[in-house]
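By convention here, the first residue in the shown sequence is residue 1.
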Amino acid sequence: MCYPKFSCSELNCFQPMTEDFEVSQGKSIGDLGREAAWFCAHTILAILTLLGLVAVIWLFHPAPDASAPKLLATVLAFVVTMVVGFLITKTTSNDIGRYVWISGLLIFAIVCVWVMDLPTGPGLCEHCTLMERLWRTFFDFQHGSGLMGGDGVLIGTWIPLSLFGYAIGSKLAAGAE
């Protein structure tokens, strides 16, 4: 729509959009679309790496109440995905993986809001404050909150941690080039 002060020829109102349209930092829409696709691919690779790690640990049938396997899985969720992020970035020469920490932060924030909204009751962190509920759900291996069916460590800790590790590995690989 043209404004009264300007003529349509001055505003280029009827110019068709072309592929050369620059949106951000001199990148075309196609370039931004490829970067978004790579961002999603790196996020999925980090999560699949974590799921593979969890499957391997599950094969050993650790005791559900034991904290040592959970601590080991927490460390491995970071280290293994960091190595995978490093290797993927080195082999693809694509440095978009260093931004997947944003996905981890968003997932953590969403899961935090979800946990704060869960109903409590007997055995489910009944008299916990909000911070205590979050701490016990995500970080306490011995006295969990009982919320999320006990999967708070997997969903709220390991997934974001694996995305942070992947991003650090990708950043290290991009910086080494």
Side-chain angles (χ1 to χ4, degrees), residues 23-25 27-118 131 133-142 144-177:
V23 176
S24 174
Q25 300 175 355
K27 297 178 182 177
S28 69
I29 292 175
D31 291 339
L32 293 174
R34 280 186 287 283
E35 286 183 2
W38 272 110
F39 180 83
C40 292
H42 284 292
T43 300
I44 290 169
L45 281 170
I47 293 173
L48 288 176
T49 301
L50 173 68
L51 293 178
L53 177 67
V54 169
V56 168
I57 292 173
W58 176 77
L59 290 174
F60 291 102
H61 301 290
D65 295 334
S67 60
K70 293 176 186 175
L71 184 60
L72 176 66
T74 302
V75 171
L76 290 177
F78 183 77
V79 173
V80 170
T81 55
M82 184 169 61
V83 170
V84 169
F86 183 88
L87 295 174
I88 295 291
T89 301
K90 274 293 199 192
T91 57
T92 63
S93 298
N94 181 294
D95 64 344
I96 301 299
R98 63 184 169 173
Y99 300 111
V100 299
W101 66 268
I102 298 168
S103 293
L105 189 62
L106 289 173
I107 289 171
F108 184 71
I110 290 168
V111 174
C112 282
V113 171
W114 178 27
V115 167
M116 287 189 289
D117 196 40
L118 286 174
M131 286 306 295
R133 187 184 310 180
L134 291 172
W135 178 262
R136 288 180 60 185
T137 301
F138 299 138
F139 306 115
D140 193 345
F141 297 142
Q142 294 187 1
S145 67
L147 301 171
M148 297 179 66
D151 292 332
V153 174
L154 171 65
I155 298 169
T157 305
W158 293 344
I159 290 177
L161 190 62
S162 68
L163 291 166
F164 296 149
Y166 190 96
I168 291 171
S170 184
K171 175 67 175 167
L172 292 173
E177 292 177 355

Filter on salt bridge (charged side-chain N to carboxylate O under 4.0 Å, His left out), then keep only pairs touching [range], sequence neighbours left out; what's left?
range: residues 49-76; result: none
range: residues 35-57; result: K27-E35
range: residues 94-103; result: D95-R98

side-chain contact (heavy atoms from CB on, under 4.5 Å) partners for [X], two or more places apart:
X: D151; result: I155
X: C40; result: none
X: A66; result: A63, P69
X: I168; result: F78, M82, L172

Kindly compute the distance separating [atom1] ([X]) from [atom2] ([Y]), expressed to the nearest 0.5 Å.
X: I102; Y: I107; atom1: CD1; atom2: CD1; result: 12.0 Å
X: F139; Y: L134; atom1: CZ; atom2: CG; result: 8.5 Å
X: M131; Y: M116; atom1: CE; atom2: CE; result: 9.0 Å

Taking all atoms of both residues into account, what is the closest heavy-atom pair of [X] and [Y], and its distance?
X: A174; Y: T89; result: N-CG2, 4.1 Å
X: F141; Y: S67; result: CB-CB, 3.7 Å
X: V100; Y: L163; result: CG2-O, 3.4 Å
X: T91; Y: I88; result: OG1-O, 3.1 Å

Any ring-ring contact (aromatic ring centres under 6.0 Å, His included) pairs touching residues 27-46, not counting sequence neighbours?
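ring-ring contact (aromatic ring centres under 6.0 Å, His included) check on residues 27-46 returns W38-H42, H42-Y166.
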
Would you mind listing every ring-ring contact (aromatic ring centres under 6.0 Å, His included) that reaches into residues 94-114, with sequence neighbours excluded?
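The answer is F108-F138.
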
Name every donor-acceptor pair, under 3.5 Å, that has one atom in a side chain of residues 49-62 and the other anywhere in the protein, sequence neighbours excluded.
unit_1 : atom_1 : unit_2 : atom_2 : d
T49    : OG1    : L45    : O      : 2.7

Kindly say whether S145 contributes a backbone atom to a donor-acceptor pair with the side chain of R133 at under 3.5 angstrom?
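No; judged by distance alone, with no hydrogens or angles, the pair does not exist.
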
Just jot down the side chain to side chain donor-acceptor pair (under 3.5 Å) partners of T81, sequence neighbours excluded, or say none.
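Partners of T81 by the side chain to side chain donor-acceptor pair (under 3.5 Å) criterion come out as none, since no residue qualifies.
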
Scan for side-chain hydrogen bond (donor to acceptor under 3.5 Å, both in side chains) pairs involving residues 152-163, sequence neighbours excluded, and state none if there are none.
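Output for this query lists T74-W158.
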
